[in-house]
Amino acid sequence: MDKFSHPDEWISALADGQLGGEAFAHAVAQACAPGSARAAWHTYHVIGDVLRSGELAGGAPAVDFVGRFQQRLVGEPRLYPEVVATAQAAAMVRPSEPNSPAANASLFRWKLVAGAACVAAAATVVLSVSGVMGVSPARGVLVQAPGAPVVAAKPALNADVAAAQAPVMIRNPRLDELLAAHRQSGGASALQMPAGFLRNATHEAPAR
Amino acid sequence: MTRMILRAAAATVCGVLWMGSALAQQAGSPVGGAAASAVSGAVETRSVSEWLVRMHEASRRRTYVGTFVVSSGAGGLSSARIWHACDGTQQIERVEALTGAPRSTFRRNDLVVTFLPESKVVHAERRESLGLFPGVLKAPEAFSFEFYAAQRGGSERVAGFDTEIVKLVPQDKLRFGYRLWSEKKSGLMVKLQTIDLDGRVLEQVAFSELQIDVPVKMDKLAQMMANTDGYRVERSEPVKTTAEAEGWLLRVPVAGFKPMGCFKRQTPGGGSGEGTVQWVFSDGLASVSLFVEAYDRQRHLQEGVMAMGATQTLLKRLGGKMGEWWLTAVGEVPAPTLEAFAQGLERRK
């Protein structure tokens with residue numbers, strides 16, 4: 001039984017349903033025996049449950065996580081302004097996006113961009129799982145790329161704001177709270193009824 | 001004698017008919033009737049506030065059921081099913097979100113109750129702003145809407161109804177414009193677009209399907225609204241205060257915007273006890289909330305501007321002689337307007 005070097009790898013394969021016959025029996029025996037293997041079995045199942053159901057993702061407050069994440073991001077070196085813009089554009093959910101082949105596929109620089117976009121997309125998934133980001137696809141994040149306009153895939157985004165050298169903006173639950181407060185107490189507009197109220201009732205993400 | 005009576009009767013009948021037609025012309029389509037409706041930008045005889053009052057009255061008098069779609073210029077789309085009932089004094093609404101997590105929002109006048117079936121939580125809150133209009137429109141110190149002009153934009157058929165298009169054009173660069181599709185007979189808003197300074201649509205709300213004057217039972221909706229069995233009820237009542245009491249003043253007012261109220265809320269992470277102050281402004285159509293809290297190095301990391309549909313958000317650190325504060329300005333206005341508010345905000349001595 002030298003298939004896996006580490007006992008946890010047996011447990012992982014068992015949890016994924018990859019084992020059969022003798023290998024299966026061996027892994028089950030390991031999981032039953034007291035020790036790190038059994039703890040690993042439990043951990044894998046907790047992870048699976050949390051990933052499948054957002055309600056179980058309790059844990060540390062999301063505000064702390066986002067704060068630490070933002071601090072880490074601030075420290076990261078910036079490659080190109082376009083990298084940041086593309087990464088953010090890729091991370092946003094859009095219902096219909098044109099799928100045209102990239103003319104610059106051969107340039108290494110754009111492979112870097114694509115890689116960064118994947119990292120950002122992964123970060124988005126993590127943030128969604130921890131319940132930070134809202135479900136609504138209409139919520140966008142404005143990127144403060146100095147001078148460079150936001151990548152064309154996002155047509156109506158207001159990129160023409162104060163061109164400060166601010167890093168990437170991340171939505172967080174605190175901002176969601178303030179937006180909800182603005183809708184609750186700040187909707188002093190003749191257009192509230194019915195347009196504003198209906199808009200908020202249709203579009204708003206439930207408060208935490 | 002009989003002839004005199006007959007002549008008097010004929011004259012009365014003619015008079016009544018003439019008055020009737022004059023009234024009908026006034027109450028019906030604007031001056032110019034069908035001919036003008038085809039011409040964009042024709043002279044608008046109704047003012048901005050008259051159009052808005054008409055829209056509110058329609059909501060107060062008519063019941064309707066429909067499907068409502070919200071779309072932002074960025075491409076997002078959400079929809080909901082709506083039931084609206086009224087009996088002259090009260091209004092009740094039920095909104096079932098069709099997109100995203102299931103959610104039922106009920107409103108009776110200014111009380112809003114939101115049911116979240118997934119977490120079995122009910123949020124109950126009173127929204128003062130919902131009770132303001134149209135009363136404010138008719139009051140002497142009402143908004144003058146001087147910074148907006150009403151222009152006709154023609155006619156269009158939306159959701160099966162003939163509507164008149166009204167453009168509310170901003171007279172300066174501090175606010176957005178609007179395009180309103182008003183149902184011809186009732187004045188009910190069928191579609192509304194928020195337009196930015198470059199003429200792009202930032203956000204649109206519209207009925208994709210609508211039935212007006214259908215029987216909707218008020219008591220049934222009220223019953224559904226009151227039924228919180230199995231749910232945990234959370235109430236949020238922000239504390240009313242004044243900007244003066246909180247120590248803030250807007251040294252340079254932003255044209256057209258009046259302060260509408262000030263509230264105090266808890267800051268997350270508890271502790272400090274100072275809380276967050278929310279100061280609300282409005283120019284009648286657009287509203288701005290200025291959230292100010294004590295600056296916290298851990299949480300307040302980036303300044304900048306964000307856009308979500310028509311809502312712009314500005315994050316800024318306020319410092320110097322007045323202490324260290326963090327401002328989050330939120331409003332359906334262009335970002336430079338939020339910046340103007342940030343510049344004018346000052347601490348009282």
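The sequence lines fix the lettering, A, B, ..., with proteins before strands; numbering per chain opens at 1.
Annotation: maximal heavy-atom pairing with chain A below 4.5 Å, among B/Gln298, B/Met189, B/Arg107, occurs at B/Arg107. No other option in B/Glu93, B/Arg126, B/His84, B/Lys191 has as many heavy-atom pairs under 4.5 Å with chain A as B/Glu93. Heavy-atom pairs under 4.5 Å with chain A were tallied for B/Val205, B/Val330, B/Leu168; the largest tally goes to B/Val330.
The contact between B/Thr311 and chain A is made entirely by side chain atoms (from C-beta outward), counting heavy-atom distances below 4.5 Å. Within the 4.5 angstrom heavy-atom criterion, no atom of B/Phe115 approaches chain A. Heavy atoms closer than 4.5 Å to chain A are found in the side chain of B/Tyr178, but not in its backbone. B/Ser79 touches chain A through its backbone: at least one of N, CA, C or O sits under 4.5 Å from a heavy atom, while the side chain does not. With a 4.5 Å cut-off on non-hydrogen atoms, B/Glu96 does not touch chain A at all.
At least one side-chain heavy atom of A/His182 sits less than 4.5 Å from a side-chain heavy atom of B/Glu332. The closest side-chain heavy-atom distance from A/Gln184 to B/Val112 is not below 4.5 Å. Between B/Val70 and A/Leu198 there is no side-chain heavy-atom pair separated by less than 4.5 Å. Using a 4.5 Å cut-off on side-chain heavy atoms (C-beta onward), A/Leu179 and B/Thr313 make contact.
Across B/Ala97 and A/Ala201, no two heavy atoms sit closer than the pair CB-O, 4.4 Å. The shortest non-hydrogen separation linking B/Phe145 to A/Ala190 is CZ-CB, 4.4 Å. Across all their heavy atoms, B/Val95 and A/Phe197 have their closest contact at CG2-CE2, 4.3 Å.
Although no hydrogens or angles enter the test, the distance criterion places no donor-acceptor pair under 3.5 Å between the side chain of A/Arg199 and the main chain of B/Val69.
Rounding to the nearest 0.5 Å gives a distance of 8.0 Å between CZ of A/Arg174 and CZ of B/Phe291. Note that CG of B/Leu285 and CG of A/Leu191 are 4.5 Å apart. Values are rounded to the nearest 0.5 Å.
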(Q) Between A/Thr202 and B/Thr105, does the side chain to side chain contact (heavy atoms under 4.5 Å, CB included) criterion hold? Intermediate values first, please. (A) CA-CA 9 Å; A/Thr202 304; B/Thr105 308; over 6 Å; no

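Side-chain N/O atoms of A/Arg183 and B/Ser287 include no donor and acceptor closer than 3.5 Å.
Summarising the local packing, CZ of A/Phe24 is surrounded by 12 or fewer heavy atoms from other residues, nucleotides or ligands at distances under 6.0 Å.
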